[in-house]
Amino acid sequence: MDDPDQKDGMSDRPRARWPMSQRREVPLIQLLPNLMTIGALCAGLMAIRLGAAGRFPEAVALILVAAVLDGLDGRVARFLKSESPMGAELDSLADFLNFGAAPGLLMSFWAFPGRPDIGLGAAVIYVVCCVLRLARFNVGNAAAAALSRQGRFQGVPSPAGALLSMLPLYLHYLWPTWPNLPEPAVAVWLVFVGVLMISPFGTPSLKSVRVPTEKASFAVVGGVAMIVLLLRYPWATLSTLSTAYLIVVVHAGVRSLLRRS
């Protein structure tokens, strides 16, 4: 006779439940940094989609949005005391897509319509350099730590590398009547920017910039003016900022080589 307490070989005793004492509740506001990172990831994915459709200005704008969100999510996490290993890994994966795959593919779609083999090769090298930089940053090393204490990065950070990689595209829209750079030149440019990202020399960081208290209001006005210029004259502003940053990076690289020689 069947045991009434057994059903299909399984006891109908109450199943073990997760102890109430072990449940954790997280304030919704502490999820904001991860939501910002996911938002940046979505912007990068949409940038790839728009680049494939030939809508390059909108794609560039979305990569800029991803860069802004990337610059804010870590600060928001520290402010809310919600930093976590998962958030750090999520941020690194989003950086790979937003500042590696998205600009690499965008430049490949724009610059190499007739020579996809050259474009794909240059884009792959650029993306691989971005991945190597992110991996090196995640692992950390003594040289990078020493430069960080001086307020500098080791090599060009990936968001800055993404903005630099699209400089030929900015110039195309800034001077539409001028001939574009030859395809091999754009390919060399992508590889060059990739090498800058994995280079060992120190590059400047905005974190090291200090403004006297009495001049803080001027810095705020300058930041607002930069935003206005970016919205009103995007291609001229992006071209100017990229060129100025490139000059600073090359100068830092030359100084580093001279010190070693």
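With S239 contributing its side chain and A236 its backbone, the two residues share no donor-acceptor pair below 3.5 Å. Between the side chain of T237 and the backbone N or O of L229 there is at least one donor-acceptor pair closer than 3.5 Å. A donor-acceptor pair under 3.5 Å is formed between the side chain of T203 and the backbone N or O of G155. Put simply, the side chain of S92 never gets that close to the backbone of A88: no donor and acceptor are under 3.5 Å apart. With hydrogens and angles disregarded, no donor-acceptor distance shorter than 3.5 Å links the side chain of S108 to the backbone of G104. At least one donor-acceptor pair under 3.5 Å links the side chain of R133 to the backbone N or O of Q154.
Two different hydrophobic clusters hold M46 and L69 under the rule that ILVMFWY side chains link at heavy-atom gaps under 4.5 Å. In the hydrophobic cluster analysis, where Ile, Leu, Val, Met, Phe, Trp and Tyr join through side-chain heavy atoms closer than 4.5 angstrom, V60 is grouped together with L174. Under the 4.5 Å side-chain heavy-atom criterion for grouping Ile, Leu, Val, Met, Phe, Trp and Tyr, V195 is not connected to L190 through any hydrophobic cluster. Under a hydrophobic clustering in which Ile, Leu, Val, Met, Phe, Trp and Tyr are joined whenever their side-chain heavy atoms come within less than 4.5 Å, directly or via other members, L32 and F79 fall into the same cluster. Y170 and L62 fall into different hydrophobic clusters, defined by Ile, Leu, Val, Met, Phe, Trp and Tyr side-chain heavy atoms under 4.5 Å apart, directly or through other members.
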What verdict does the side chain to side chain contact (heavy atoms under 4.5 Å, CB included) test give for V68 and L64, after you've listed the backbone C-alpha separation in whole Å, the side-chain angles of each residue and the deciding distance to 0.1 Å?
CA-CA 6 Å; V68 171; L64 290 176; 5.6 Å; no
Walk me through it: do C42 and I38 pass the test side chain to side chain contact (heavy atoms under 4.5 Å, CB included)?
CA-CA 6 Å; C42 293; I38 294 295; 4.2 Å; yes
May I have the step-by-step check of side chain to side chain contact (heavy atoms under 4.5 Å, CB included) for L164 and L246, ending in yes or no?
CA-CA 8 Å; L164 272 181; L246 179 64; 4.1 Å; yes
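Residues N98 and D70 are not in side-chain contact: their nearest non-hydrogen atoms beyond the backbone lie 4.5 Å or more apart. In this structure, L171 and L167 have side chains that are in contact, with non-hydrogen atoms separated by less than 4.5 Å. The shortest side-chain heavy-atom distance between M226 and L241 falls under the 4.5 Å cut-off. Counting heavy atoms from C-beta outward, F99 and L163 have side chains that stay 4.5 Å or more apart. Contact annotation: the side chain of F137 never approaches that of P157 to less than 4.5 Å [non-hydrogen atoms, C-beta and beyond]. Counting only heavy atoms from C-beta outward, the side chains of H172 and W235 never approach each other to under 4.5 Å. Between V188 and P184 there is no side-chain heavy-atom pair separated by less than 4.5 Å. At a threshold of 4.5 Å between non-hydrogen side-chain atoms, the residues L196 and F201 count as touching.
The aromatic rings of W189 and F192 sit tilted relative to each other, their planes meeting at an angle between 30° and 60°.
In terms of heavy-atom proximity, T37 sits nearest to A94 at CG2-CB, 3.8 Å. I48 and F109 make their closest contact through O-CE1, 3.9 Å (heavy atoms, listed as atom of the first residue, atom of the second, distance). Residue M107 comes nearest to M166 through the heavy atom pair SD-CA, 3.7 Å, listed as atom of the first residue, atom of the second, then distance.
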